[in-house]
Amino acid sequence: MSEESNPTQRTYEHLILSCIHQSSLVDAQWVHRHLHENGFDQDPFLATKLINMYSSLDLIDDARKVFDKTRKRTIYVYNALVDMYAKFGCVAYASAVFNQMAVKNVVSWSAMIACYAKNGKAFEALKLFREMMLKTEEDVGPNSVTMVSVLQACAALAALEQGKLIHGYILRNGLDTILPVISALVTMYARCGKLEVAQQVFDGMDKRDVVSWNSLISGFGAHGHGKKAIDIFKDMISCGISPSPVSFVSLLGACSHAGLVDEGRALFQAMRKEYGIIPSVEHYASMVDLLGRANKLEEAAKFIDDMRIEPGPKVWGSLLGSSRIHCNVEFAERASTKLFQLEPANAGNYVLLADTYAEAGKWDEVKRVKKLLESRGLQKVPGRSWIEVKRQIHSFVSTDEFNPQIEQLHALLCELSSEMKEKGYVPQIKVVLYDLGEEEKERIVLGHSEKLALAFGLINTSNAEPIRITKNLRLCEDCHSFTKFISKFARKEILVRDVNRFHHFRDGVCSCGDYW
Ligand SMILES: [Zn+2]
Ligand SMILES: [Zn+2]
């Protein structure tokens with residue numbers, strides 16, 4: 001390339017950056033056309049920038065066209081496209097492009113791992129990370145970006161043993177001075193049920209930003225330590241750190257899990273008045289959740305009516321979830337009517353409404369909702385639980401026939417169930433959404449994924465070791481009660497993280513105090 005063309009390349013680069021900055025589609029198209037007319041359309045450096053530009057304007061197809069038309073695709077061109085697909089959650093496209101790459105650098109690997117981790121594919125994220133670690137011959141040692149994604153994946157799966165290995169790697173490679181990495185470590189330990197270690201890591205930090213504080217606040221909040229979460233928040237303020245919107249989402253969540261209604265209301269007020277943070281949909285949804293869980297459904301509904309912004313699916317979803325917990329048909333109907341309009345393809349809403357009807361014994365209504373669900377071609381999200389045993393993640397679904405140990409697990413559960421029944425356990429068959437006989441219902445609740453994971457844990461862990469289970473949905477009443485009994489009679493400490501919070505079962509009681 002001649003010397004004078006370099007400035008032109010740079011000129012285009014500046015123009016593209018300015019389009020990104022201004023979010024201007026008209027300018028973006030003009031720059032692209034201009035660049036094309038001046039023979040720069042095969043410049044891989046500019047192609048990378050163009051992909052970034054279209055990505056920032058949410059124009060996925062245009063970005064892809066740039067990629068397809070570029071003949072000389074450098075690693076940067078590929079990386080830009082993987083990054084874009086990751087941003088929009090197009091996991092399959094990202095992985096297709098990633099797999100096409102003959103040479104990959106640390107940015108490519110990190111982008112793909114982040115793509116999996118951010119889009120609910122934590123298993124795949126860890127698998128790819130292990131693959132990356134085997135590529136010692138290439139210059140692809142993980143960096144801080146990779147570490148943050150991998151820690152997020154470990155947190156999502158509550159994969160404590162793998163998280164500890166990553167922690168070791170971070171220390172050995174001097175990545176322990178990088179703030180986002182340490183904050184991710186705090187979150188990982190907290191989400192794996194190791195609050196003490198999360199606190200230790202936090203205490204050991206030289207410097208802390210609002211993200212590190214938020215990690216600790218949400219960690220304590222998820223374990224039901226609402227008051228402690230508020231204390232941490234106060235400490236943060238006295239250290240001169242300004243709270244972010246996320247701080248309040250974590251705080252309101254903490255109040256909700258601990259039933260601290262007055263404290264939550266006060267924080268919501270303070271957020272705007274003292275800290276100048278305009279409440280977003282997340283904050284409103286957290287408030288509705290807080291009020292709803294405390295069975296203040298009227299107040300929650302009134303709160304929604306008074307909202308200054310449009311209540312989206314999150315807010316209505318909170319109301320529906322609480323209505324389900326308290327079996328309030330009226331509010332469940334009100335919330336689901338809105339939700340069926342706002343997100344017609346979300347099967348979870350239909351299931352919650354049907355569950356509410358089932359518990360209220362309205363079987364005709366249950367049938368009607370199920371038909372609606374089927375007519376829209378939707379399927380209920382199956383309950384899934386994970387458990388980490390000897391650094392391996394084992395996953396269970398309620399009707400799992402693939403696990404070689406499944407028969408043994410069922411047998412153990414039947415045995416435990418009859419033993420626990422003698423000790424006072426009564427199966428909560430009301431959680432079964434079908435109009436069936438009692439025995440059949442008992443069989444169904446006994447096959448819940450959480451119980452399968454629990455049985456697997458009882459067989460495969462040593463006595464002193466606590467069992468840690470992660471569940472993709474809310475823990476049902478029956479699994480909760482069953483686990484309490486097991487913790488007492490098998491003398492086992494059991495930690496279950498469901499989609500909302502932590503349950504720490506010990507000696508027949510749960511840390512949530514049956515409030516979840
Ligand atoms: Zn269950
Ligand atoms: Zn509990």
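What you see is a predicted model, and the numbers here were worked out from it, not measured in a lab. These numbers come from the heavy atoms of this one structure, side chains and all, not from hydrogens, waters or symmetry mates. First listed ligand is number 1; within each ligand, the first listed atom is number 1.
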Q: Could you grab the angle centred on the Zn ion (ligand 2), going from NE2 in H480 to SG in C512, to 10°?
A: 100°

Q | For the Zn ion (ligand 2), the closest N/O/S atom belonging to H503 | A | ND1

Q) Is a donor on one side and an acceptor on the other found under 3.5 Å between the side chain of E465 and the backbone of S462? A) yes

Q: Just to the nearest 10 degrees, tell me the angle at the Zn ion (ligand 1) spanned by C479 SG and H448 ND1.
A: 120°

Q. Is it true that K164 and E161 make a salt bridge, defined as a side-chain N closer than 4.0 Å to a carboxylate O?
A. yes

Q.
Before you tell me yes or no, could you show the steps for S322 and L297 under side-chain contact (heavy atoms from CB on, under 4.5 Å), namely the whole-Å CA-CA distance, both residues' side-chain angles and the distance that decides it to 0.1 Å?
A. CA-CA 8 Å; S322 307; L297 288 162; 3.8 Å; yes

(Q) Please determine whether a side-chain nitrogen of the Lys or Arg among K488 and D507 lies less than 4.0 Å from a carboxylate oxygen of the Asp or Glu. (A) no

